[in-house]
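Below is one structure, written out as structure tokens; the observations come after it.
Residue numbers start from 1 in every chain, and the chains themselves are labelled A, B, ... in the order their sequence lines are given, proteins ahead of strands.
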2 protein chains.
Amino acid sequence: MSKQAGLPVTRLPMVGQDTVCCVPMVREPLGEADAAGLSRMFKALSDPVRLRLLSLIASHEGGEACVCDLTGPFDVSQPTISHHLKVLREAGLVGSERRGTWVYYWVLPEALAKLSDLLRAPAAPAEVPA
Amino acid sequence: MSKQAGLPVTRLPMVGQDTVCCVPMVREPLGEADAAGLSRMFKALSDPVRLRLLSLIASHEGGEACVCDLTGPFDVSQPTISHHLKVLREAGLVGSERRGTWVYYWVLPEALAKLSDLLRAPAAPAEVPA
DNA sequence: AGCGTGTATCGACGGTTGTCGATGCAGGGG
DNA sequence: CCCCTGCATCGACAACCGTCGATACACGCT
């Protein structure tokens, strides 16, 4: 327990937000450092509750939602929701801010776009090796 | 165990390959079932070794690579590589086939495209709530 | 100041995951 | 036929993760 100053709020260290940008991973091999950073973001997406949380936040009116809007639709406890939100925040996928009594979360579109571009595939299997 | 018939080869059960297709998760909330299936795919991407494996396979000449090409670049043992390839295969991200002595792996572009589309964000933060 | 509500943190517990060495199986070559 | 190589599986172990109840903290209100 080292940090307890209310809330880290908004900008966090993020992971590898600037290590790799838009090069699809299907074109050239990922470096170890890039893979480490990216895997942390994908790990944040590897839980069904977090996936639904993210989608719920993003599709919420105004592009943001307070925690009170997010605890309802799930069967898990409020501390668990809070934990998942923290994971999403530390992965650089969402931002957060306290406004009065409530804490609001929103999606960071750059992060999603980065992952989306990375996974972008030639779609058409027009390779046909030999 | 239960299955040991050489190799499952090529088509596996996959996860939720057909549950959701192209709707970005930022537009409407994900259902529980969709989230469960998708989280399994993201979980397969949540390890740096698997991420590099996938990228190595995809960017390999001809779009495929044999395991012998994949064990070299990593510090982990061959059984571990084999384990990671199995995870990728069961997540529906890669296909595999035995050809003589060697086993080849290739990326399934539809799977990557599906995830890429899902993560596709409006990019422009033109929301500005209230 | 005191209280009530909203949210984060703590500590614990069980299940899952990544890793290894040892072993098993498949196929090609002497 | 036997061995050698390539790859998968097994069993074990430590580390990590999701979850909970209890508790602490931050604010607004009265």
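- Here the P atom of nucleotide dG18(C) and the CG atom of Leu53(B) are 12 Å apart, to the nearest Å.
- Under the side-chain contact (heavy atoms from CB on, under 4.5 Å) criterion, Ser82(A) pairs with Gln78(A), not counting sequence neighbours.
- Computed from coordinates, the Arg98(A) CZ to dG6(C) P distance equals 12 Å when rounded to whole Å.
- Taking atom CG of residue Leu51(A) and atom C1' of nucleotide dG18(D), one finds them 15 Å apart after rounding to whole Å.
- By the 4.5 Å heavy-atom criterion applied to side chains, Leu112(B) and Leu54(B) are counted as neighbours.
- Put simply, CG on Leu85(A) is 12 Å from P on dT19(D), counting in whole angstrom units.
- Atom-to-atom distance recorded for Ile57(A):CD1 and Leu88(A):CG is 6.5 Å, nearest 0.5 angstrom.
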Expected output check: what is the dot-bracket annotation of DNA chain D, where ( ) and [ ] are pairs inside the strand (brackets for crossing ones), | is paired with another strand, and pairs are Watson-Crick or G-U under 3.5 Å?
||||||||||||||||||||||||||||||
Atom pairs, N/O to N/O, protein against nucleotides 12-17 of chain C, distance under 3.5 Å?
none

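- The list of side-chain hydrogen bond (donor to acceptor under 3.5 Å, both in side chains) pairs with a residue in residues 41-55 of chain B, not counting sequence neighbours, reads Arg50(B)-His84(B).
- Here the P atom of nucleotide dT9(C) and the CZ atom of Arg89(A) are 7 Å apart, to the nearest Å.
- Among residues two or more places apart in sequence or in another chain, the side-chain hydrogen bond (donor to acceptor under 3.5 Å, both in side chains) test is passed with Ser116(B) by Ser116(A).
- Ala35(B) approaches Leu51(A) most closely through the heavy-atom pair O-CD2, 3.7 Å.
- Rounded to whole Å, the distance from CG on Leu70(A) to C1' on dA8(C) is 14 Å.
- By the side-chain hydrogen bond (donor to acceptor under 3.5 Å, both in side chains) test, Thr80(A) pairs with Ser77(A), sequence neighbours left out.
- Listed in residue order, the members of residues 74-82 of chain A having a heavy atom less than 4.0 Å from DNA chain D are Asp75(A), Val76(A), Ser77(A), Pro79(A), Thr80(A).
- Residue Tyr105(B) places at least one side-chain N or O closer than 4.0 Å to OP1 or OP2 of dA8(D).
- Rounded to an integer number of Å, the gap from Arg40(A) CZ to dC17(D) P is 11 Å.
- Positionally, the nearest nucleotide of DNA chain C for Cys68(A) lies more toward the 5' end than for the other of Gly100(B) and Cys68(A).
- The separation between Lys86(A) atom NZ and dA8(C) atom C1' is 8 Å, rounded to whole Å.
- Checked by atom type and distance alone, the side chain of Arg40(A) never pairs as donor or acceptor with a backbone atom of Phe42(A) at under 3.5 Å.
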